Trainee: 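I'd like to ask you about the structure that follows.
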Amino acid sequence: MAADLERLDAREVLAWAYRELGRVAIVASFQAESIVLTDPAAEVVERPEVITLDTGRLPEATHRLMNEVRRRWPVRLTVVSPHHGDVEAMVAEHGPNLFRDSVDLRHLCCDMRKTRPLDRALAGYPGWITGLRRQQSHERAAVPVAGPDPARPGVLKLAPLAAWSREQVWRHIEDRRLPVHELYGAGYTSIGCEPCTRATADGEDERAGRWWWEQGAVKECGLHWTAASLVQGARA
Ligand code: SF4
């Protein structure tokens with residue numbers, strides 16, 4: 001099945017997912033890929049489910065784009081927040097900007113604000129859809145269009161844009177006149193939490209602006225750990 005899905009285009013993969021899995025959600029960060037997926041999803045099904053993680057540290061522009069998406073497409077948007085007790089305890093122990101102090105504390109913050117909320121949000125879903133692309137970083141170079149989620153046994157993780165280049169994404173955005181996150185206009189090539197993302201320079205990897213102060217650490221927040229990362233205990 002996974003090999004067959006590799007041969008389908010993104011819209012066909014979405015159609016397969018809605019038909020075969022029944023309940024499936026796009027997990028959106030409101031980067032360009034989220035928009036490129038939401039657009040055909042709203043043509044394939046009446047009210048596509050979109051889940052997003054409001055970490056409490058997002059740029060205001062992300063909320064503006066969320067609103068625009070709600071106005072443009074008939075999505076069922078679920079905005080998931082971290083458990084307040086988890087965040088309060090973490091900040092009491094380590095301070096609000098713990099992610100600057102060590103990679104382990106950065107992983108802890110991502111775990112509290114992103115991974116655990118996503119675990120809660122995806123309970124009961126047989127599969128989810130992400131905008132991962134192989135070209136985004138060397139850690140993502142082998143992302144399959146469909147495969148088991150290493151972090152969630154029995155759940156299928158779909159990346160319909162896995163083989164897309166950055167140029168394809170932007171050509172599609174322009175052709176379809178889709179809305180995009182304002183920070184792309186300020187030189188960002190990947191957008192996450194406000195304190196952990198900066199613009200990139202020409203020639204840098206797309207994800208070089210994420211946790212830019214870290215040396216040699218994997219530029220992932222825990223939502224997309226590979227099986228190898230999990231084995232190495234990268235996810236607390
Ligand atoms: Fe925390 Fe930064 Fe991860 Fe956001 S990206 S959850 S602020 S460490």
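Atoms considered below: every heavy atom in the structure, side chains included; atoms not considered: hydrogens, waters and symmetry mates. Just follow the structure's listing: the first ligand is 1, and inside any ligand the first atom is 1. As the structure is a computational prediction, the values presented were derived from the model and not from experiment.
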Trainee: Which one holds for Lys114 and ligand 1: side chain close, backbone close, both close, or neither close, with close meaning a heavy atom under 4.0 Å?
Mentor: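 Near ligand 1, Lys114 shows its side chain, while the N, CA, C and O stay back.
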Trainee: Return the option from Pro96, Cys196, Cys110 holding the heavy atom at the smallest distance from atom 3 (Fe) of ligand 1.
Mentor: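 Going through Pro96, Cys196, Cys110 one by one, Cys110 has the nearest heavy atom to atom 3 (Fe) of ligand 1.
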Trainee: Which ligand 1 atoms are under 4.0 Å away from a heavy-atom of Phe99?
Mentor: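 Near Phe99, the atoms of ligand 1 are 1 (Fe), 7 (S), 8 (S).
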Trainee: Is it true that Arg207 and Glu214 make a salt bridge, defined as a side-chain N closer than 4.0 Å to a carboxylate O?
Mentor: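 No, no charged N to carboxylate O under 4.0 Å.
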Trainee: State plainly whether the residues Arg7 and Asp4 are in salt-bridge range, i.e. N to O under 4.0 Å.
Mentor: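 Between Asp4 and Arg7 there is a salt bridge, with a charged N closer than 4.0 Å to a carboxylate O.
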Trainee: Any chance the side chains of Asp205 and His138 put a donor and an acceptor closer than 3.5 Å?
Mentor: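 There is no such pair between these side chains.
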Trainee: Quick one: which ligand 1 atoms are inside 4.0 Å of a heavy atom on Arg113?
Mentor: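 Here the atoms of ligand 1 in question are 1 (Fe), 6 (S).
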Trainee: Please determine if Glu139 and Arg210 form a salt bridge, counting it only when a charged side-chain N lies under 4.0 Å from a carboxylate O.
Mentor: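 Answer for the salt bridge query: no.
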Trainee: If you take the nearest heavy atom of each of Pro117, Gly56, Gly192, Cys193, which one is closest to atom 4 (Fe) of ligand 1?
Mentor: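 That would be Cys193.
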Trainee: Of Val80, Ile129, Leu77, which is the lone residue that meets side-chain contact (heavy atoms from CB on, under 4.5 Å) with Ile51?
Mentor: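 Filter result, single survivor: Val80.
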Trainee: With a cut-off of 2.8 Å, does Cys109 place any N/O/S atom under that distance from atom 2 (Fe) of ligand 1?
Mentor: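 No, outside the cut-off.
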